[in-house]
*Asks:* 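A single structure is presented below for examination.
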Amino acid sequence: MADRLDVLIVGAGFSGMYMALKCREQGLKFEVIEAGSGVGGTWYWNRYPGARVDIQSLEYSFGFDETLEQEWRWSERYAPQAELLAYANHVADRYDLKPHIRFSTRVTAAHWDAAADGWNVTLDSGAVIAARFLVLATGCLSVPTDVTFSGIGDYRGRIYRTSRWPHEGVDFTGQRVGIIGTGSSAIQSIPIIAQQAAHLTVFQRTPNYSMPAHNGPIPEADWQEWLQDPRAYRARSRNTVGGFWNEAREETLATQTPPDEIKAELERRWAWGGFRILSGFADQGIDPDANRIIASFVAAKIREQVKDPKVAELLTPKDHPFGTKRPCVDTGYYATYNRDNVELIDLRSDPLETFTATGIRTQGRSFDFDAVVLATGFDAMTGAIERIDIRGVNGETIKEHWAHGPETYLGLMVAGFPNLFLITGPGSPSVLTNMIHSIEQHVEYVADIIASLNAAQAGRIEATREAEQLWTDHVDQTAAMTLLPQANSWYMGANVPGKPRRFMPYAGGLHTYTDICNAVKAKGWEGFVVARGAQVISESRTFTTYPPPPENMAPHLMELAMGRVAQWMQDHGRA
Ligand code: FAD
Ligand code: N01
């Protein structure tokens, strides 16, 4: 075994790269292991046509270095995948990170070595690396679901997965193409594939809400604001629920606003595009009546865009409140169904039975395809972590520890797994936010923990089980206050058969979460035990740093939210 590392980082997306940089700043001995042959993570793997961000690039970009910020110019409001990948490579080259990354290599196991206060990490080559700290920067949306279809092995055409798209690209010109799925990946790729293909058949099981991106040059007002004071622009983004500026109106209630004012506000937000419609009214995420107002506005927008009323009806979500699944941001998605060469198949009324040698057979029809695209999603948040055989102090695996759904302390650490850090793990705001800002906050926090352990000459840090349970209850209860758990979403683990149902990200907002993390640190790493061998250096077993109740919440909303929490407590046997 080679000399022991201070830090082994798994993954070379934005999380792993920034973690590597922080390790270098501290003079630590580190290495990054990456399964792909290049950096960029999400933007390395997801090369399907139309792939781009749904948060404006001015905000979905690193803010830790002003020079980096100033030297990079985004070409559009929502940068496309190729530009994001170029940015990731620019970051890697600018900070000379690539020599520290072992590409095309997968971490398969990590076992805690109590005698050494560290991890023995096994690679797919069979090599074992010892490291004091293990950082899982493995991504929340990096492992495609294992979904399979009967007869798929017999199909003689080509099959593509959006999340594993060929690097050389795919030209569908003149082809008959089928696509399964209508999540964000499909909604971005369908308009482009439709322009190329002779015919495109979309197989939809559940419709999603989608808002127009109105992509184009960065709006002049944003650009000017950014140029004037990039630090203030960043600070404003970070100090929000979602980690990006969205003009949230925290006191205006849809249920108490006259219809013409609601319409004007929603039209304004729709015209701006993207996620802005998610934060027009304080009650839309809590009160079903308010939510229905926004949902029916969006349904009307779908009807406006799709000429055939039957198709528009099929494309309108009915099974989940607006915003409780990750909404999509599109360019020309709904209008694509007005094309003569595009057909929508509703798998609810005509279920998919099997692939055949030449295509797909549903209960009622047969389709021949030259190519089929699977846009079927990810084993989100826990998938990449659970696929590594990680064994902690008692030999328990993380998968076993998470048998009832993920339990973490702050989404950062897991009890019984010392010196193991998750970046944007379950239990942190993560996928509910602008991920770059969440990544920066997490990486800086982990780097802080490592620095403070080194300053105290401590060997390890571990989240206590008490703190983990209290935090996990808080995560569950925060979600329960909202409408979010009402959808069968991947946030809930509902897209993977057999996966425990638990709302995985922390819904309290990035700003609140950051304050909590800072308070945990100020209290001497509350909820953690810091030790060297058998000697405990500091110990604070519980978590007490709950955020104060929102002062400006309307009484009836508070009552609704608290009622749901009381129900949750009853259902889960909490006093
Ligand atoms: P990733 O980019 O997923 O990188 C993780 C890396 O770890 C991967 O390269 C993977 O190969 C590697 N890895 C995993 N397991 C192992 C292992 N065992 N051994 C070795 N290597 C391993 N977020 C937003 O905020 N805004 C957006 O607009 C947005 N758009 C998205 C679009 C798509 C198509 C997808 C899939 C996600 C999007 N996201 C978006 C979420 C996105 O994942 C994050 O924004 C961000 O890129 C995550 O960076 P990361 O480094 O944490 O993880
Ligand atoms: O995956 P999804 P995604 N038979 O899970 C269907 C981010 N992202 O890759 O809902 C038939 O959303 C499934 O149907 P149903 C973003 O966070 C962002 O599109 O289970 N259909 C669904 O329609 C996003 O939320 C962007 O009924 C099956 C689809 O496949 C996340 O990544 C772009 C099926 C999967 O949708 C995941 O998005 C892309 C089956 N057996 C991704 N199995 C941006 O815009 C699954 N489906 C920035």
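For ligands, and for the atoms within them, numbers begin at 1 and follow the listed sequence.
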*Asks:* Enumerate the atoms of ligand 1 whose separation from the nearest heavy atom of I55 is less than 4.0 angstrom.
*Replies:*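 With I55 as reference, the close atoms of ligand 1 come out as 25 (O), 28 (O).
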*Asks:* Any idea which of Y60, Y48, W45 brings a heavy atom closest to atom 44 (C) of ligand 1?
*Replies:*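 Closest candidate by heavy-atom distance is Y60.
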*Asks:* What protein heavy atom is closest to atom 14 (C) of ligand 1, reported as residue, atom name and distance in Å?
*Replies:*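 Looking at atom 14 (C) of ligand 1, the protein heavy atom closest to it is T138 O, 3.4 Å.
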*Asks:* Does a side-chain N-to-carboxylate-O contact under 4.0 Å join R387 and D124?
*Replies:*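 Here R387 does not pair with D124 in a salt bridge, since their nearest N and O are not under 4.0 Å apart.
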*Asks:* So how far is it from Y333 OH to C328 SG, rounded to the nearest 0.5 Å?
*Replies:*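 If I round to the nearest 0.5 Å, the distance is 8.0 Å.
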*Asks:* How far is atom 18 (N) of ligand 1 from the closest protein heavy atom, and which atom is that?
*Replies:*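 The closest one turns out to be V107 O, 3.0 Å.
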*Asks:* Could you tell me how the ring of W165 sits relative to the ring of Y160: parallel (under 30°), tilted (30 to 60°) or perpendicular (over 60°)?
*Replies:*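 Ring orientation of W165 relative to Y160: tilted.
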*Asks:* Among S15, G243, G11, G38, which one has a heavy atom closest to atom 51 (O) of ligand 1?
*Replies:*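 Residue with the shortest heavy-atom distance to the ligand atom: S15.
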*Asks:* Does the side chain to side chain contact (heavy atoms under 4.5 Å, CB included) test come out yes or no for F14 and T42, once each step is laid out?
*Replies:* CA-CA 9 Å; F14 289 126; T42 289; over 6 Å; no
*Asks:* Quick one: nearest non-hydrogen protein atom to atom 32 (C) of ligand 1, plus distance?
*Replies:*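 Protein heavy atom at minimum distance: W43 CH2, 3.4 Å.
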*Asks:* Hey, does I450 have a side-chain heavy atom less than 4.5 Å from the side chain of K22?
*Replies:*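 The answer is no, as the side chains (C-beta and beyond) never meet within the 4.5 Å cut-off.
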*Asks:* What atoms of ligand 1 come within less than 4.0 Å of a heavy atom belonging to S142?
*Replies:*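 Contacts of ligand 1 toward S142, numbered from 1: 3 (O).
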*Asks:* Under 6.0 Å between ring centres, would you say that holds for F367 and F203?
*Replies:*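 Ring centroids of F367 and F203 are less than 6.0 Å from each other.
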*Asks:* Quick one: sort the W43 and Y60 rings into parallel, tilted or perpendicular, breaks at 30° and 60°.
*Replies:*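 The arrangement is perpendicular - the two ring planes meet at more than 60°.
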*Asks:* Rounded at 0.5 Å granularity, tell me how far CD in Q284 sits from CZ in F322.
*Replies:*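 CZ of F322 is found 6.5 Å from CD of Q284.
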*Asks:* Would you call the rings of H100 and F30 parallel, tilted or perpendicular if under 30° counts as parallel and over 60° as perpendicular?
*Replies:*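 H100 vs F30 ring planes: parallel.
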*Asks:* Geometry only, no angles: is A384 polar-contacting ligand 1 at N/O separations under 3.5 Å?
*Replies:*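 There is no such contact.
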*Asks:* Which distance, rounded to the nearest 0.5 Å, do you find between the CD1 of I390 and the NE2 of H111?
*Replies:*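 Atom-to-atom, I390:CD1 and H111:NE2 are 9.0 Å apart.
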*Asks:* Looking only at protein heavy atoms, which one is nearest to atom 21 (N) of ligand 1, and how far off is it?
*Replies:*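 Looking at atom 21 (N) of ligand 1, the protein heavy atom closest to it is A35 N, 3.1 Å.
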*Asks:* Just jot down the ligand 1 atoms closer than 4.0 angstrom to any heavy atom of T105, in number order.
*Replies:*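 Listed by number with element: 20 (C).
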*Asks:* Show the atoms of ligand 1 that are less than 4.0 angstrom away from any heavy atom in N434.
*Replies:*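 That gives atoms 25 (O) of ligand 1.
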*Asks:* Are any of the heavy atoms in A137 under 4.0 Å away from ligand 1?
*Replies:*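 A heavy atom of A137 does come that close to ligand 1.
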*Asks:* Counting only heavy atoms, tell me which of D54, T42, I9 gets closest to atom 26 (N) of ligand 1.
*Replies:*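 Checking each option, the heavy atom nearest atom 26 (N) of ligand 1 is found in D54.
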*Asks:* Below 4.0 angstrom from a heavy atom of T433, which ligand 1 atoms are there? Numbered from 1 as shown, please.
*Replies:*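 Ligand 1 atoms under the 4.0 Å threshold to T433: 25 (O).
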*Asks:* Taking the inter-plane angle between the rings of Y513 and Y506 on a 0 to 90° scale, is it parallel (under 30°), tilted (30 to 60°) or perpendicular (over 60°)?
*Replies:*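 Geometry flag for Y506 against Y513: tilted rings.
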*Asks:* Among protein heavy atoms, which sits nearest to atom 49 (O) of ligand 1, and what does the distance come to when rounded to 0.1 Å?
*Replies:*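 Closest protein heavy atom to atom 49 (O) of ligand 1: I439 CD1, 3.7 Å.
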*Asks:* Give me the nearest non-hydrogen protein atom to atom 17 (C) of ligand 1 as residue plus atom name, then the distance to 0.1 Å.
*Replies:*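 For atom 17 (C) of ligand 1, the nearest protein heavy atom comes out as V10 CG1, 3.6 Å.
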*Asks:* Decide whether the shortest distance between a heavy atom of I436 and an atom of ligand 1 is less than 4.0 Å.
*Replies:*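 Not so, I436 does not reach ligand 1.
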*Asks:* Quick check on the 6.0 Å ring-centre criterion: do H320 and Y209 meet it?
*Replies:*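 When the ring centroids of H320 and Y209 are compared, they turn out to be within the sub-6.0 Å range.
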*Asks:* Give the numbers and elements of all ligand 1 atoms closer than 4.0 Å to a heavy atom of V53.
*Replies:*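 Contacts of ligand 1 toward V53, numbered from 1: 27 (C), 28 (O).
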*Asks:* Say whether V39 and ligand 1 are in contact under the criterion: heavy-atom distance to a ligand atom below 4.0 Å.
*Replies:*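 No, V39 has no heavy atoms under 4.0 Å from ligand 1.
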*Asks:* Could you list the atoms of ligand 1 found under 4.0 angstrom from a heavy atom of G41?
*Replies:*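 Under 4.0 Å from G41, ligand 1 has these atoms: 1 (P), 2 (O), 4 (O), 8 (C), 9 (O).
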*Asks:* Return the CZ to OG1 distance between F421 and T408, rounded to the nearest 0.5 Å.
*Replies:*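 So the gap between those two atoms works out to 13.0 Å.
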*Asks:* Specify side chain, backbone, both or neither for V143, according to which of its non-hydrogen atoms lie closer than 4.0 Å to ligand 1.
*Replies:*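 Contact part for V143 vs ligand 1: neither.
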*Asks:* Specify whether F244 and F275 have parallel, tilted or perpendicular ring planes, treating 30° as the upper limit for parallel and 60° as the lower limit for perpendicular.
*Replies:*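 Tilted, since the angle between the ring planes falls between 30° and 60°.
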*Asks:* I need the contact type for I388 against ligand 1. Using non-hydrogen atoms and a strict under-4.0 Å cut-off, is it side chain, backbone, both or neither?
*Replies:*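 The side chain, only.
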*Asks:* Starting from the N and O atoms of ligand 2, find every protein N or O within less than 3.5 Å and list the pair with its distance.
*Replies:*
from     : atom 1 : to   : atom 2 : distance (Å)
ligand 2 : 9 (O)  : S185 : OG     : 2.7
ligand 2 : 10 (O) : T206 : OG1    : 3.4
ligand 2 : 10 (O) : K325 : NZ     : 3.4
ligand 2 : 19 (O) : S184 : N      : 3.0
ligand 2 : 19 (O) : S185 : N      : 2.8
ligand 2 : 19 (O) : S185 : OG     : 3.3
ligand 2 : 20 (O) : R205 : NH2    : 2.8
ligand 2 : 23 (O) : T182 : N      : 2.9
ligand 2 : 25 (O) : W490 : NE1    : 2.9
ligand 2 : 27 (O) : R205 : NE     : 2.9
ligand 2 : 27 (O) : T206 : OG1    : 2.4
ligand 2 : 30 (O) : A375 : O      : 3.2
ligand 2 : 45 (O) : Q188 : NE2    : 2.9

*Asks:* Centroid-to-centroid, H214 to Y78, below 6.0 Å?
*Replies:*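 Aromatic pair excluded; centres sit 6.0 Å or further apart.
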*Asks:* Would you please name every residue forming a side-chain contact (heavy atoms from CB on, under 4.5 Å) with H90, sequence neighbours left out?
*Replies:*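 By the side-chain contact (heavy atoms from CB on, under 4.5 Å) rule, H90 matches L68, E71, W72, R94.
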*Asks:* Any side-chain donor-acceptor pair under 3.5 Å between T324 and Q486?
*Replies:*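 No, because no side-chain N or O of T324 sits under 3.5 Å from a partner of the opposite role on Q486.
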*Asks:* Atoms of ligand 1 less than 4.0 Å from I33 heavy atoms?
*Replies:*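 Near I33, meaning under 4.0 Å from one of its heavy atoms, ligand 1 has 20 (C), 21 (N).
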*Asks:* Return the residue, atom name and 0.1 Å-rounded distance of the protein heavy atom closest to atom 6 (C) of ligand 1.
*Replies:*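 Among all protein heavy atoms, the one nearest atom 6 (C) of ligand 1 is E34 OE1, 3.5 Å.
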*Asks:* Would you verify whether the NZ or CZ of R47 falls within 45 degrees of the ring axis of Y44 while also being under 6.0 Å from that six-membered ring's centre?
*Replies:*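 The answer is yes; both the distance and angle limits are met.
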*Asks:* Output the distance between atom CD (Q441) and atom OG (S428), rounded to the nearest 0.5 Å.
*Replies:*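 The OG atom of S428 is 8.0 Å from CD of Q441, to the nearest 0.5 Å.
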*Asks:* Have a look at R326, M435, H442 and point out the one with the heavy atom closest to atom 25 (O) of ligand 1.
*Replies:*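 Looking at heavy atoms only, the winner is M435.
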*Asks:* Can you tell me which residue and heavy atom of the protein come closest to atom 36 (C) of ligand 1, and the distance to 0.1 Å?
*Replies:*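 Of the protein heavy atoms, F378 CZ, 3.7 Å lies nearest.
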